[in-house]
Amino acid sequence: MKAYLVCVFFYSALPAYAAVETKRLRKSVSVPKPLNGNGSIRRKAAEQNVDYIKVGKEDDYFMKYRVLKNSYKTDSPTNFPTEAADDSTDKPCGMNDADREEGIRRVIELVSPQSSDEDSAQAKALAWIISEDGLFLCPDSPNIIQRYAVATIAYATDYENWNDSGNILSSENECEWEGTVVDSFKINCNRQNVVTNLDIDENNAGGFLPAEIGLLTGLSVINMDDNQIGGSIPPSIGDLSRLRVLDLDSNRLTGVLPTELFLLPLETLDLNTNSLEGTIPSEVGNLNSVTFVQLNENAFTGTLPSELENLVNLDIFTFNENEITGTLPEGLCDIVEQEKLVATCDKNFECSCCTCV
């Protein structure tokens, strides 16, 4: 009888003991704070079964924690309460939809503040990345910034009105986006899948050039001539440190030339037949690799800077049909052949070595 009572007491007390022991075990599994005082990630995080995703600069991280269920795994069934399964581990990116969206927003807003402006091209591109893109990127996907930048350019230039938008904004990698007609639209990339060429020629592209074009830092060629693109050339163009060709002629560009443009290793600068204005800045003399410059048929004013004489590799320079006054810097006559040096010669501008039209 006594043995029976002892057994009944033991098994009736077991659930209470289990609850206390479970609480103690859970307290013993602690998750450390992810960042040290200086903003660096603690090395212990990975060693203590904590997952993290870096999505920003060193002092801005989106952290997601998950304590592995192995902490509670036993060899045989027990009466201990079991931890509920973490559904997020079975989803793409290893997180739920809300966390994925928040993570992507934080990544994009770091490089593109306008993405939070409702109805902007940037906001549309961000919404597409989050909700419509069949590629379903994660906050730490290596091409998320690049894909967002190209998508922003598509929205900013009214891709729905292009003559040939091909497979743009499809689930294919952005390096495979191209038109159905040869030379109408194409994205070229290198072996590392970094965008190097942006070709949208004679395709009825409109709208404007967004600042996010400066996020495509691998670009070496921009061909977007013979379109309807308006607005100004964004100063962020100066972030394209590999850009060799900028071909934007025959559009509706306005405003002045950003000085950042003349920090680039340009070989071709083709901006004729637009509505650009202001003076040609002295910084143009920094383009010591340029061979081809067309600025004709704009609204440039003032005199030509003497720094043009620094363009020792210049082969073609056209600047006719502007409001330029004064004379041609003498050194240019020794650099460019007369038939390739085209100007509007009148009472306001004199040139003895130009082809006057």
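Predicted model only: the values in this text are computed from it and were never measured.
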Peer 1: Of the non-hydrogen atoms in Asn193 and Cys175, which two are nearest, and what is the gap between them?
Peer 2: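 Nearest pair, atom of Asn193 first, then Cys175: O-SG, 3.6 Å.
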Peer 1: Closest approach of Ile222 and Leu243, non-hydrogen atoms and distance?
Peer 2: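 Closest approach of Ile222 to Leu243, heavy atoms only: CG1-CD1, 3.8 Å.
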Peer 1: What verdict does the side chain to side chain donor-acceptor pair (under 3.5 Å) test give for Asp117 and Gln122, after you've listed the backbone C-alpha separation in whole Å, the side-chain angles of each residue and the deciding distance to 0.1 Å?
Peer 2: CA-CA 8 Å; Asp117 294 347; Gln122 291 85 352; over 6 Å; no
Peer 1: Taking atom CZ of Arg242 and atom OG1 of Thr217, what is their separation to the nearest 0.5 Å?
Peer 2: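 One finds 6.0 Å between CZ of Arg242 and OG1 of Thr217.
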Peer 1: Between Met224 and Ile229, what is the shortest heavy-atom contact and its length?
Peer 2: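 Met224 and Ile229 have their closest heavy atoms at CE-CD1, 3.6 Å.
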Peer 1: Does the pair Asp133/Arg147 count as a salt bridge with the N-to-O cut at 4.0 Å?
Peer 2: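 Here Asp133 pairs with Arg147 in a salt bridge, since their nearest N and O are under 4.0 Å apart.
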Peer 1: For Phe208, does the six-membered ring have the charged nitrogen or CZ of Arg252 within the cation-pi criterion, i.e. under 6.0 angstrom from the centroid and within 45° of the normal?
Peer 2: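 Verdict for Phe208: no cation-pi partner in Arg252.
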Peer 1: Let me see the working for Thr180 and Asp164 under side chain to side chain donor-acceptor pair (under 3.5 Å), right down to the final yes or no.
Peer 2: CA-CA 7 Å; Thr180 56; Asp164 182 7; 3.1 Å; yes
Peer 1: Answer yes if the side chains of Asn143 and Glu174 hold a donor-acceptor pair under 3.5 Å, and no otherwise.
Peer 2: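 Yes, because at least one side-chain N or O of Asn143 sits under 3.5 Å from a partner of the opposite role on Glu174.
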Peer 1: If you compare all heavy atoms of Ile144 against all heavy atoms of Pro139, which two are closest, and at what distance to 0.1 Å?
Peer 2: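 Heavy atoms of Ile144 and Pro139 come nearest at CG2-O, 4.2 Å.
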Peer 1: Backbone N or O of Arg100 within a donor-acceptor pair of the Arg105 side chain at under 3.5 Å?
Peer 2: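 Side chain of Arg105 to backbone of Arg100: no pair is present.
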Peer 1: Is there less than 2.5 Å between the SG of Cys351 and that of Cys345?
Peer 2: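 Between Cys345 and Cys351 there is no disulfide, given that their SG atoms are not under 2.5 Å apart.
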Peer 1: Between Asn320 and Thr344, is there a side-chain donor-acceptor contact under 3.5 Å, judged purely by atom types and distance?
Peer 2: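 Thr344 vs Asn320: no donor-acceptor pair found between side chains.
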Peer 1: Show the nearest heavy-atom pair for residues Pro234 and Ala211, with the distance to one decimal.
Peer 2: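 In this case the closest contact between Pro234 and Ala211 is CB-CA, 4.1 Å.
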Peer 1: Are the side chain of Thr196 and the backbone N or O of Asn188 linked by a donor-acceptor pair below 3.5 Å?
Peer 2: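 Yes; at least one donor-acceptor contact below 3.5 Å.
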Peer 1: Could you tell me if Gln294 and Asp270 have a donor-acceptor pair between their side chains, going purely by distance under 3.5 Å?
Peer 2: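 A pair is found: one side chain offers a donor N or O, the other an acceptor, under 3.5 Å apart.
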Peer 1: On a heavy-atom basis, which atom in Ser250 and which in Asn274 lie closest, and how many Å separate them?
Peer 2: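 Residues Ser250 and Asn274, closest heavy atoms: N-ND2, 3.9 Å.
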Peer 1: If you measure from CZ on Phe349 to CG on Asn322, what distance do you get to the nearest 0.5 Å?
Peer 2: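 Reported value, rounded in 0.5 Å steps: 10.5 Å.
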Peer 1: Is it the case that Glu267 and Ser289 place a side-chain donor and acceptor less than 3.5 Å from each other?
Peer 2: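 Not at all, the side chains of Glu267 and Ser289 share no donor-acceptor pair under 3.5 Å.
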